[in-house]
Each structure stands twice: as structure tokens, then as C-alpha cells.
Amino acid sequence: MSYYLGQHIDLSLSTPRDWKHFRAVQEIGELFIDKLNEREDIGLELLFNNDRFNPAANAAKALLRLHGLKHSGRSPFLAVLAGNDSDQTMENGFFISELNNIPDVKAVLANPVELEAKGGEVFYKGDKVTAAYRDFDIREMAAMEKAHGRLEGLREALKSDLIVNPTGADPVALCSILEAVTGQWRDKLKSDIVSRTPWTRVLSERATTGPDGEKIDDLPSWVLKNYDRMVIRPARPGSGPTFCASENGSNPDRDIQSALKSGGYVVQMLVKKEHAKQDVPWLENGKFLLQEKNTRFQTLVSDDGLAGFTANCGGIAQPLACVPGGADTKYSEDKLNRLISELDPDAVHEIFGHLNDKSAELGLQPLGQGLDIVLRPRLMNEIQLTALSIYAFNLRADCLTLAKAWREGNLDNMADLAQEEKEIAMLAPWDGQVSLTASTGLYTFGNETTRLF
């Protein structure tokens, strides 16, 4: 039985860059429901404080597990290693603060260039590093070494397995690896992971097999004929534009040729619309109006299992809440949609006063002025949480299988890495070490778009 519907569209290495924002979203979302409940008993039990809704805390646990494996009995000195793009960001600073709030822990934001290797150990400004978190990928590390020479301290930390995540995980974080899941490796992987992966192929002038196993003689020509149900995305998430028929100004032939010319793209079957959208109250001119919006749901997976979630709706962060047992999330969300949509402008103004006070307390901008939130929470029930825990276990197992397959040279045609990136990835093969990875999914938990009022 499937307790939720939909598929993941990519795999990635987790980053702290959104965690502070999401923590604030949870707190403000809960306050919003409290204020709504004060006006009218909503008759729903919503739990915002599930530990799966706190990614920073679970990432801290991962770092401390690694510390315990490597330096048990020693006080933790933890380093968050930030690449150039995130060197002094608020988000990494927030994660450092979270770590330093743990008794007996000292944590620093460290430039990886400043790590030193001495006698098989790693130091940062004189302090011995007992575990570290890496907030950059192997391409960024290759660029750092091109600019600064071999980073012996960083390399020693990787070879000593002192870092979450090992660089051997990076090849699995390419969208192109999903071709293996829906192609030649599908029989070697967990059936639920295969079924939750949309058909994916590296885009090039080639023959391959289609979504139903049919023979495709020329992939670009086939994509052109089926463009309305395809999306073309960069193999490295975020490294280039995404093309699909629903985009304004889309031109199928031009889009395909642009992706082919650029290289490093995959074509992927679109996830069913009903799994990728939900109806939410959307604030316009002081009034909530029900609108259909695209959704994204990120599942964080650690070596210890399910590590947390973040949610996004209409390009904006959305709080998460759990309902007890197997309660009907569709009923609960429809009820919340109705109650929120019925708020008059005066009530909205009053509630927003409280929410902005909370935002100021958290050191953030007012809502709509730098802090954007979809206030109606995304709901899931406890049975679905259990199902997601099983998914996380199976996803990690399959990622380790794919990482091993890449090391053995079986996925070279799906992982387009420069030689220096391959060498860096092999510094720390991913073979079960402490890790924190993520999948981005388009899921429905029984809360797809079906308007009841």
C-alpha cells in the first residue's frame, strides 16, 4: 500500500543554508494557527514540534555521531567548512550557533583553505578538528585547489573520514545518475525507490529505451515529439536553466538544441500534476484567496535514517505539521483553507501584527518584506511519517549501491565529472559513513488540488 503519492526529481547533499529560515517558518506557522484557533476553535490537533521538522538539530546529531566514532572521550571541536559562495552567510552562522548551544561543544565557521594536516590529524588555527561539515561540492573544491594549490588539510580530513559528507557521495547527487535507477540498474535497487523515480535519461544524440521500455532510436527527436510531458533539467541541480512546455516563451526545438549545445542536461518525465500542486490560501490585498500552487518537499536522510523535511509552495517556504495516527490530511487542509479564506481584512491585519512581532523576536524581517511564508501548513499523518522513514532507509541503501557502482566504473556515462573531480571524489569513497543527503520530491499526502468549497 502507498501512503503518499508522487516522485522525487533529484538527489542532493544537504546544506545548512535554508535551515534558519525554515525554523522561523515553523514557529510563525504555529503561531498563525494558534491565533486562528483563538478566533474560532478549528477542532484539529496539529503538531509542529516533531523532531523531523528541525533539520539543524538532526545535522548536529550527525556531526556528533561522527565525532564519537573518531574522537570519543574528547571534547568536540566541530568545523563547518564553507565554500566561497556561502563563506559568511547567515545560514552557516545559524548552524554554528546551534552547535555552540550544545554543552561541551565548540564549533567554528572555517575556510577549508586554512585547515592544516599534522601527523595524520587535522587542525584549524591550532585546534584539532574532531569532525566537520562540508558545505561545498567537489567542483567547488577543485576550483579552490586551482586557486590555492593542493589543500592538504582538507584532503587529510576527507581521507580520515572526518567530514560529513564524504566526497564519494557527490556523484550520486547528479540528476544524471537517476538514469541508472530507471534504466540498467532498476532490477538491482529497491522497488519503491525505482517507482518513485521519474524516467530519466542523459540528453544527447543517442538511442535508448523509453518510459515503457520501448526502443528510442534518436532521443532528441523523441523528446521533441513528447515535449509536453517532459522536463529538461541540468544534471547538476542549479547549474543552468530548466526547460519545459509550461514555461513562458518555451520553444521545444530551441530548448532541446540549447540543452544539447550546453551539454550536461537530462530529460525527465514530468511528475503528475496532481502530485505536484496543492490549493493554499494566498494573501492578496489584505485578503486570503485560494490558489493552486506548485509544491516541493525535501526529505533529509542520514546514516541514522530519516533526518527531517522542508517544504516549499509556490516558491515560498511552508511550515509542516503532523496530525495524529492515520487522520485524513485532505479533510484537515480543506478545513484550514476554508477558515483562513473566511478571515476578513481586519482579522488578517490583527493576526499579522502578532506574526510580525514574532518575526522581529526571531531577528527577521516582517512578513512580505524579506520573510515570505505560506501560512497554511503542509500536513502529513503519523502513518505517512512511518512510510517516509522506510523510504529514507531504502533511499540511503540505494544511494550507497549507486556510489559503489560509480567507484567501480559502471556509471561513467551518467556522471559527467572532470578528472580532478573524480580524483577528489575518490579521496573519501562513500561506503556507509556518516552522511546527510536529501531528495527533492513532488508528493501528495492526500492533499492534492480538489476544491470542496
Side-chain angles (χ1 to χ4, degrees), residues 6-12 171-276 398-399 401-419 421-422 439-442:
Q7 296 177 302
H8 50 237
I9 59 172
D10 66 42
L11 308 175
S12 62
V172 180
L174 300 170
C175 286
S176 47
I177 289 295
L178 296 182
E179 174 169 339
V181 182
T182 61
Q184 67 191 72
W185 282 76
R186 61 182 298 121
D187 295 334
K188 300 179 179 68
L189 304 173
K190 307 292 185 185
S191 60
D192 65 325
I193 301 305
V194 173
S195 67
R196 291 200 183 279
T197 305
W199 176 86
T200 305
R201 291 293 184 268
V202 174
L203 183 60
S204 64
E205 301 279 358
R206 57 181 291 213
T208 186
T209 53
D212 298 317
E214 71 275 25
K215 183 180 178 182
I216 296 174
D217 293 321
D218 181 67
L219 181 58
S221 297
W222 185 89
V223 173
L224 184 60
K225 293 176 183 176
N226 295 273
Y227 197 64
D228 61 334
R229 56 193 184 114
M230 297 289 138
V231 58
I232 298 173
R233 63 176 77 252
R236 294 175 187 259
S239 64
T242 295
F243 306 101
C244 66
S246 63
E247 293 291 329
N248 290 332
S250 172
N251 180 307
D253 185 60
R254 183 192 61 202
D255 294 348
I256 293 167
Q257 293 306 315
S258 176
L260 286 169
K261 182 178 180 180
S262 298
Y265 272 82
V266 302
V267 58
Q268 194 173 76
M269 181 75 76
L270 282 170
V271 176
K272 291 181 179 179
K273 176 183 175 181
E274 59 267 28
H275 299 161
D398 279 356
C399 284
T401 297
L402 292 169
K404 183 174 185 289
W406 176 81
R407 289 197 306 274
E408 294 174 348
N410 295 317
L411 303 179
D412 284 348
N413 60 325
M414 301 173 204
D416 183 19
L417 299 175
Q419 186 56 42
E421 294 174 305
K422 293 179 182 178
S439 71
T440 301
L442 307 178

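Only a predicted model underlies this, so the values are computations on that prediction, with no experimental measurement involved.
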Would a distance-only check, ignoring hydrogens and angles, find a side-chain to backbone donor-acceptor pair under 3.5 Å from [X] to [Y]?
X	Y	value
Asp255	Phe243	no
Asn410	Trp406	no
Ser176	Ala235	no
Trp199	Thr209	yes
Glu421	Ala418	yes
Thr200	Pro198	yes
Gln268	Ile9	yes
Ser262	Ala259	no
Gln7	Ser195	yes
Glu214	Asp212	yes

[atom1]/[X] to [atom2]/[Y] distance, rounded to the nearest 0.5 angstrom?
X	Y	atom1	atom2	value
Asn226	Leu270	CG	CG	11.0 Å
Met414	Leu174	CE	CG	12.0 Å
Arg201	Met269	CZ	CE	10.0 Å
Leu219	Leu260	CG	CG	8.5 Å
Glu205	Asp218	CD	CG	5.5 Å
Ser439	Leu11	OG	CG	6.5 Å

What verdict does the side-chain contact (heavy atoms from CB on, under 4.5 Å) test give for Val266 and Leu203, after you've listed the backbone C-alpha separation in whole Å, the side-chain angles of each residue and the deciding distance to 0.1 Å? CA-CA 5 Å; Val266 302; Leu203 183 60; 5.8 Å; no
For [X] against [Y], the heavy-atom pair lying closest together:
X	Y	answer
Leu224	Pro252	CD1-CB, 3.7 Å
Thr208	Arg206	OG1-NH2, 3.7 Å
Leu189	Val181	CD1-CA, 3.8 Å
Asn413	Val202	O-CG2, 4.2 Å
Ser239	Pro234	OG-CB, 3.3 Å
Leu411	Leu402	CD1-O, 3.5 Å

Check whether Trp185 forms a cation-pi arrangement with Lys188 (NZ or CZ under 6.0 Å from the six-membered ring centre, at most 45° off the ring normal).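 Verdict for Trp185: a cation-pi partner in Lys188.
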Side-chain touch [X]/[Y], heavy atoms, less than 4.5 angstrom:
X	Y	answer
Tyr227	Ser250	yes
Ile232	Ile256	yes
Glu179	Val267	no

Using only heavy-atom distances, determine whether the side chains of Thr242 and Arg233 contain a donor-acceptor pair under 3.5 Å. no
Going by atom types alone, do Thr197 and Arg186 pair a side-chain donor with an acceptor below 3.5 Å?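 No - no donor-acceptor pair under 3.5 Å links their side chains.
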Just checking Lys422: does its NZ atom have more than 12 heavy atoms from other residues, nucleotides or ligands closer to it than 6.0 angstrom?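 Correct, the count exceeds 12.
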